[in-house]
Amino acid sequence: MSTSLVQVENLFCERDERVLFEDLSFTASAGEVIQVEGQNGSGKTTLLRILSGLSNNFEGDIFWKGQPVADVRDDFFRELLYFGHHPGVKAVLTPEENLQWYAAMHPGVDGGLINGALDKVGLCGYEDSPCHTLSAGQNRRVSLARLYLSHAKLWILDEPFTAIDKKGVAEKEQLMLDHADRGGCVIFTTHHELAIGENIRRLNLDELAGT
Amino acid sequence: MSTSLVQVENLFCERDERVLFEDLSFTASAGEVIQVEGQNGSGKTTLLRILSGLSNNFEGDIFWKGQPVADVRDDFFRELLYFGHHPGVKAVLTPEENLQWYAAMHPGVDGGLINGALDKVGLCGYEDSPCHTLSAGQNRRVSLARLYLSHAKLWILDEPFTAIDKKGVAEKEQLMLDHADRGGCVIFTTHHELAIGENIRRLNLDELAGT
Amino acid sequence: MSEKKKWLPRWFYQLASPRWSYDIMGKLLPGFALVALISLVVGTIWALLYAPADYQQGNSFRIIYIHVPSAILAQSCYMLMAVAGAIGLIWKMKVADMVAKSCAPIGATMAILALATGAIWGKPTWGSWWVWDARLTSMLILLFLYLGVVALHSAIESEATAAQSAAVLALVGLVNIPIIKYSVDWWNTLHQPATFKLTERPAMAPEMWMPLLVMVIGFYCFFAVSLMMRTRNEILIRERRSSWVKELVGKQ
Amino acid sequence: MEQIVTKEQSKSADESVLNLFWAVLKRDLMLAYRKKSDLFNPLIFFLMVATLFPLGVSPEPDFLAEVAPGVVWVAALLATLLSMDSLFRSDFEDGTLEQTLLSPQPLFIVVLAKVLAHWMMSGLPLTLLAPLLGVMLFLPAEGMSGLMMSLLLGTPTLSLIGAIGAALTVGLRKGGVLISLLVLPLYIPVLIFGTSAVQAAVTGLPLAGFFALLGAMLALGFVMAPLAISAALRISVSG
Amino acid sequence: MEQIVTKEQSKSADESVLNLFWAVLKRDLMLAYRKKSDLFNPLIFFLMVATLFPLGVSPEPDFLAEVAPGVVWVAALLATLLSMDSLFRSDFEDGTLEQTLLSPQPLFIVVLAKVLAHWMMSGLPLTLLAPLLGVMLFLPAEGMSGLMMSLLLGTPTLSLIGAIGAALTVGLRKGGVLISLLVLPLYIPVLIFGTSAVQAAVTGLPLAGFFALLGAMLALGFVMAPLAISAALRISVSG
Ligand code: HEM
Ligand SMILES: Nc1ncnc2c1ncn2[C@@H]1O[C@H](COP(=O)(O)OP(=O)(O)OP(=O)(O)O)[C@@H](O)[C@H]1O
Ligand SMILES: Nc1ncnc2c1ncn2[C@@H]1O[C@H](COP(=O)(O)OP(=O)(O)OP(=O)(O)O)[C@@H](O)[C@H]1O
Ligand SMILES: [Mg+2]
Ligand SMILES: [Mg+2]
């Protein structure tokens, strides 16, 4: 059996008196790619923010490698890569500077790989343009370049394919599979039609919602 | 022959010494759905902003119903619906208030239809929640509700499907086809795989870029 | 567009061509430079050595020969900048934009010169470097407006946008010009009223105002020279990728 | 017959323009109300100056009475200037400014409504609060009416001029500084005449001249500024 | 053997903390440099007050000399307060604050570096520019060193206290007002001791006591504020 990384038990969350999910329990193990599904407003972003520790607006228990996540916060953060609706890219900095800052914030990340990562997301030639002169997709690619930099085990990606062109999406899909093969774990959401559909586990929030 | 609405001649645009397109000429007629294609950073947004009159960073001529668009600006704006990367939704206002403002800004729009439009984009029940409490997709749906309100002939939509779930995308695709059937014209971009692929004309910017 | 073409003279449209403007300015430059040189030299010698000393102020009044031309020029330059900016805004004429852009630093220098000489002169005559008098204040505002235009140009990356924005600002600031001009008539202040008026002869002695006139002419010609040089420079930079500029640079 | 049609048409056009004006005004006031900060920031700033000044400089009534006109006016000017940058910025950032520019409605009207809304959230409360400040700073009672009148005539001009600067810099990432640089020179005359009016009121000199000047500036700004603002907005967004 | 490993580990940990500190400081300064407005806004505000005050109140040297300490200090305080709101807001809006909170690095250090960067862009230039302001306001030469010293000791405290307010309000849409209300009471002691120090310097009284007080406040802020800021940030983002 593969090792369980994240274990969620009896998660319950409501916003403005609307129950988003209740009694949600699941386990994410090394080697898995899990897609959180659901229509707009079903609570995907909310769930991912809870999992990553950004939000504590919930009831229930979350374990990281068997221990309550609150007790091993630093360990957990060391192994986490979170990609949210806001990509965390500073508009006045260049792609390179943005990634340098990310490397500094994450001790495991090797700053020397930045140029290679930018190459891989197709931003070769834009290293020195401030991000506000980049297109919408290019901006998100800057943030996606972190996927090539980080050694984190757990990737939590909230709509990583937004504004990315088809070739880019295909590459990122493959990257997620590769990450799982190397013993990582990916939890993500998207509204795109995926090519790697068979290899992933699905978690549908629509069915979980209270009434 | 159907009437030509927008006619573009020898459009040239460069940003930061990178030529995005040159010698671009095409005509968009009533009844057409045109998808502007290209990879990230190929200039789709730039082209749509030029067409809508937001940007004048170009050389070349644009005609609206045969006349230079600069001479008939008011007529043109009356018949235009533009949907950009920034959806133009005020976070502290409710969906309803946002659309009321839109109706006030556009004399042809019937404010009485607002509730129906919100229903159609699936925001029934959220009329009175401020938009910053809505999910990413719901926020964009507020802006998309304008498609049901406006009588504009020409729709210019820049990645309208971003963050929208699959059901929503299918509905919007159908809506675009219906609009074309009623004598309208749609120019849009997206990186989503479309179901209505056969019925639309494509304009690929990658082939047009200079070196 | 075609209607407008009929009533505007031909040279106006030729001006719109950077190449034509570049050439014509090249031809005009030497003439203006010569006149500027002669009148500045003659004016300075005349003013310093031959003009009589003022019976009240003695020799300190001679600063007038820099103060007044620079003050007048600072205002004229602003008006030129605003008009060129307006032409650029309305007819989308690139050369006008470049002229407007070139005006700003020259005008700012002139405004600083007028303020500095005024302040230096104020110390012996009014007893202080600076008073919050209407003319002085409005002149200071003029300097700030120039600085604002320069700042806008440097802050906006796109040349076209920068030129248009600066033009709007210049047009707004135009209200300041009549205030400078008439402040001495509208408010009774410390500062002298106008010497040169179109309707009457100056009250000053001719030996005093003749060299002043020469200096004013000299300043104007000098202004024309530096404006044309800056504009030509600007044209070369902005048209650097056109074939004629490449040819020109290739030749040198 | 034809004439009637034209009249009716022009009447309905007038009406639609009025509707537009109200809609924009209402929306901006609502935004301010929801966000609170926009509504209170200038006011809080104004009050802060009035409290900090005696604390930091000197609490003596005689001294304060003397400086009160100037302090109140400088505070009002700074409060307006500081609130200026946000006038179009949030609209620019969330895309509503684009929508405004793409509307067939006259931009002139929209801009005027927005400036009015801004004034109603900055200049007007400042004016209404000025007597309180006057009292806090021991301004003699004779000066009160002069203070309020001068603020009432002066602050709309400040909003109008400031909006030009805001429109010119809305597309830039370095808005804040530039706006001060562009706008401040044009603020100085308002400040000078405003304080002179209050000082004249305190000493019992005639005021009409100052008010006429402030009024003239307001009229000029009212006619010219919306044009400049509209042009500047189009330029800024297209860049 | 074991001890050595621990020492080396702790040494490398120290180093990584230092690296982090530098990286954050460098980034924030670079951001300020690129945006210009953050860099110059407090300064411009400071200068504006110094020019407008004589214009609006009274240009007389004697009068100005007397009020100079208070005016400079009030201006410095307001300049800092006004720049406070943007400290975490832009990071919050573009998602970099989330990334910061999700990093395994000690938040304490990140926060300290950010506050230091803020001070280097507000308090430090204010301190360096203060003599110029002093001259413009005819502050007697004896007061100059007292002015600079008091600002040097006082402005970091203002930045530290202000950052707590900024962190508490960053998640709210109505930041501006709240921050003033939260922070101002804590600013007042700094203002009072700061101006008293300058006045004492002008009149030739002993200064050490005031500086000791200002220093004590700074030390207290230095130890406590980063903790409060970190906690406040986590709470604001999770809301
Ligand atoms: C910083 C202080 C001063 C400033 C900003 C200033 C500004 C000006 C300006 C704008 C003009 C108008 C030129 C025109 O359009 O006709 C002028 C003219 C003149 N100024 Fe000054 N001035 C200053 C100080 C002084 C002082 C101290 C004096 C002598 C007592 C002085 C004497 C004159 C005279 C005689 C004229 C010529 C009037 C005329 O022919 O129109 N100025 N100055
Ligand atoms: N303000 C700007 N200044 C300079 N260059 C810019 C600016 N905005 C865009 N560009 C450049 O123009 C190019 C086209 O950008 P555009 O936003 O049109 O791309 P796009 O086709 O819409 O891409 P995407 O699919 O990512 O949305 C990009 O390479 C970008 O770097
Ligand atoms: N700050 C908030 N306050 C109150 N309710 C909120 C808040 N944020 C989100 N919600 C509500 O929570 C629900 C779930 O939002 P969430 O962002 O998780 O949806 P989502 O599944 O990510 O949708 P999308 O596909 O549009 O991104 C929505 O109905 C929304 O109205
Ligand atoms: Mg979501
Ligand atoms: Mg795009």
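Sequence lines set the chain letters: A, B, ... in the order given, protein chains first and strands last, and positions in each chain run from 1.
Judged by a 6.0 Å distance limit and a 45° cone about the ring axis, A:Arg201 is not positioned over the six-membered ring of A:Phe26.
With a threshold of 4.5 angstrom between heavy atoms, A:Thr162 approaches chain B through side-chain atoms but not through N, CA, C or O. For a residue to count as touching a neighbouring chain, one of its non-hydrogen atoms must lie under 4.5 Å from one of that chain's; by this rule A:Asp16 touches chain B with the side chain only. For B:Ser129, the part lying under 4.5 angstrom from a heavy atom of chain A is the side chain only.
No other option in A:Arg141, A:Glu37, A:Lys44, A:His85 has as many heavy-atom pairs under 4.5 Å with chain B as A:Arg141. Most heavy-atom pairs under 4.5 Å with chain B: of the set A:Thr133, A:Val169, A:Ile164, this distinction falls to A:Ile164. The residue among B:Arg18, B:Glu193, B:Lys166, B:Arg140 with the most heavy atom pairs within less than 4.5 Å of chain A is B:Arg18. Interface remark: of the candidates A:Lys167, A:Gln39, A:Arg15, A:Gln39 forms the most heavy-atom pairs closer than 4.5 Å to chain B. In terms of heavy-atom pairs under 4.5 angstrom with chain A, the leader among B:Glu159, B:His191, B:Gln138 is B:His191.
Taking the six-membered ring where the residue is Trp, B:His192 and B:Phe161 present perpendicular rings, their angle passing 60° and hence far from 30°.
Nearest heavy atom pair, residue A:Leu80 against residue A:Ala152, reads C-CB, 3.6 Å.
Residues B:Val19 and B:Phe12 are in side-chain contact: their nearest non-hydrogen atoms beyond the backbone lie under 4.5 Å apart. Annotation: side chain of A:Val142 is not in contact with side chain of A:Tyr126 (no heavy-atom distance under 4.5 Å).
Residue-environment remark: NZ (B:Lys153) stays at or below the threshold of 12 foreign heavy atoms within 6.0 Å.
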